[in-house]
Amino acid sequence: MTLLYTEVEEELRASVRDLLADRCRPDAVLRRAESASPYDADLWKTLSREIGVAGLLVPEEYGGAGASAREAAVVLEELGRAVAPVPFLTSAVLATEALLQAGVHEGLPAGGRDLLAELAAGETTAALAVSLAASPYRTLPPPVALNDHGALDGEIRAVAGADAADVLLVPVGTALYRVRAEDARIDVVPSLDLTRPIAVVTLSGAPGERLGAFDARRVLAFGAGLLTSEQLGVAEWCLATTLAHIRERHQFARPIGSFQAIKHRMADLWLDVARARAAARNAANLLAARPEPGTEAALEAEAATAVAKSWCSEVAVRVAEEGVQLHGGTGMTWEHPLHLYLKRAKASETALGTPGAHRDALSVLADLPAPI
């Protein structure tokens, strides 16, 4: 497979970008971030029902597009460029992938098949009840268990997308359960990223339907691999915005972008973003093939994900920080949207595995000796 974008992918990008340019401008995102409801439900409905992004990963037999991680990555790039407050990553990627994986060996029950169709149609939004800070390389703690009556009890912290979800997909050991959001207590808590709220989900005797097995490592690694495309979009917007600023801002009767020190800094950032694009695209490419666990192709996909997440996480933060600094006093103001991108970059850096965790995993995959 090629790292280049196909014509279909470019058409998908254009559709998403045009809609976001009209409905998700930075000033609108900032106003919504300051409100009691950061998620833009109307924008999500339009993206889901008119463009079909909610069902990209859902097979055609359930009413989805039957697309791959490549197409989902393109959407995430554009959502990252707009820091769009919509639950695509949490519902259309993480929750959908968990649901698809649950049915691989056992087959989904009727409730699971119906849920996939509802997700694809944009009628329902789901959230995977796992901490956004969970790592694919660590065993998840068992925060939820079945009580004597077969209902679910427990508490999960830092769940992204829970406040916008109609359905929660709750791991209980190695099984995945479906719980209606109305049967859980969802308390939104302060988050660095104003455009992606997190919540504490509390279950107390909540009824649940078992959907199948839950493979935390595969699901979280898949999400981490695609999150890198969103981080790429964040970095690209920050780089383009900073470049426009240094061309327009004058000091000593000349654009500040003409000074050699700033030229060197921008050149370094451009190279970082170019490398991030290659890494994110490679991860999406290999994930799109959906290799069987334990095969050489699966190990390559895991390595590509670790490389992309460790690199793109740090690049997004670095480009956003440089953008704030090179904007001078303007970049420090609340009114300028740069802080939204910096907060998204910093929050995403620790999401689904820190850069250090992914580098450690890569060293194991590459059979490198442990540092002394």
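All residue numbers in this chain count up from 1 along the given sequence.
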Look at atom CD of Glu182 and say whether more than 12 heavy atoms of other residues, nucleotides or ligands are closer to it than 6.0 Å.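 Correct, the count exceeds 12.
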
Surrounding CZ of Arg138 (heavy atoms of other residues, nucleotides or ligands, distance under 6.0 Å), is the total greater than 12?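 No, because the 6.0 Å sphere around CZ of Arg138 holds 12 heavy atoms or fewer from other groups.
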
Considering residues at least two apart in sequence or located in another chain, which fulfil the side-chain hydrogen bond (donor to acceptor under 3.5 Å, both in side chains) criterion with [X]?
X      : result
Thr241 : none
Asp153 : Asn147
Glu300 : none
Asp268 : none

Side chain to side chain contact (heavy atoms under 4.5 Å, CB included) against Ala276, all qualifying residues, sequence neighbours excluded: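 Leu232, Trp311, Cys312, Val315.
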
Side chain to side chain donor-acceptor pair (under 3.5 Å) contacts touching [range] (sequence neighbours left out):
range            : answer
residues 25-35   : Glu34-Trp334
residues 355-367 : Tyr137-His358, Glu314-Arg359
residues 315-329 : Arg265-Glu322, Arg265-Gln325, Asp272-Arg318

Checking Glu77 against Tyr5: is there a side-chain donor and acceptor pair closer than 3.5 Å?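 Yes, a side-chain donor-acceptor pair sits under 3.5 Å.
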
Sidechain N-carboxylate O distance under 4.0 Å for [X], [Y]:
X      : Y     : value
Arg290 : Glu97 : yes
Arg113 : Glu61 : no
Arg281 : Glu9  : yes

Which atom pairs, one a donor and one an acceptor, fall under 3.5 Å between side chains of residues 189-201 and the rest of the protein, sequence neighbours left out?
residue, atom, partner, partner atom, Å
Ser191, OG, Asp193, N, 3.3
Ser191, OG, Asp193, O, 3.3
Asp193, OD1, Thr195, N, 3.0
Asp193, OD1, Thr195, OG1, 2.7
Asp193, OD2, Arg344, NE, 2.7
Thr195, OG1, Arg344, NE, 3.3
Thr195, OG1, Arg344, NH2, 2.8
Arg196, NH1, Glu230, OE2, 3.1
Arg196, NH2, Glu230, OE1, 2.6
Arg196, NH2, Glu230, OE2, 3.3

Do you reckon Leu176 sits in the same ILVMFWY cluster as Val93, going by side-chain contacts under 4.5 Å, direct or chained?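 Yes, same cluster.
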
Listed once per pair and sorted, the ring pair (Phe, Tyr, Trp, His ring centres under 6.0 Å) pairs that draw on residues 28-73, sequence neighbours left out: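 Matches after skipping sequence neighbours: none remain.
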
Does anything in residues 348-358 pair up under salt bridge (charged side-chain N to carboxylate O under 4.0 Å, His left out), and if so which pairs, sequence neighbours excluded?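 Those involving residues 348-358 are Lys346-Glu349.
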
Audit row: Ser68, Glu71, side-chain hydrogen bond (donor to acceptor under 3.5 Å, both in side chains) steps and yes/no: CA-CA 6 Å; Ser68 71; Glu71 290 79 15; 2.7 Å; yes

Do Leu128 and Thr90 make a side-chain contact, defined as non-hydrogen atoms from C-beta onward lying under 4.5 Å apart?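 With C-beta onward as the side chain, the pair stays apart.
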
Side chain to side chain, Leu352 and Ser135, heavy atoms closer than 4.5 Å: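 Side chain of Leu352 against side chain of Ser135, heavy atoms only: no contact under 4.5 Å found.
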
Listed by chain and number, what are the salt bridge (charged side-chain N to carboxylate O under 4.0 Å, His left out) partners of Glu10, not counting sequence neighbours?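 Glu10: salt bridge (charged side-chain N to carboxylate O under 4.0 Å, His left out) contacts with Arg13.
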
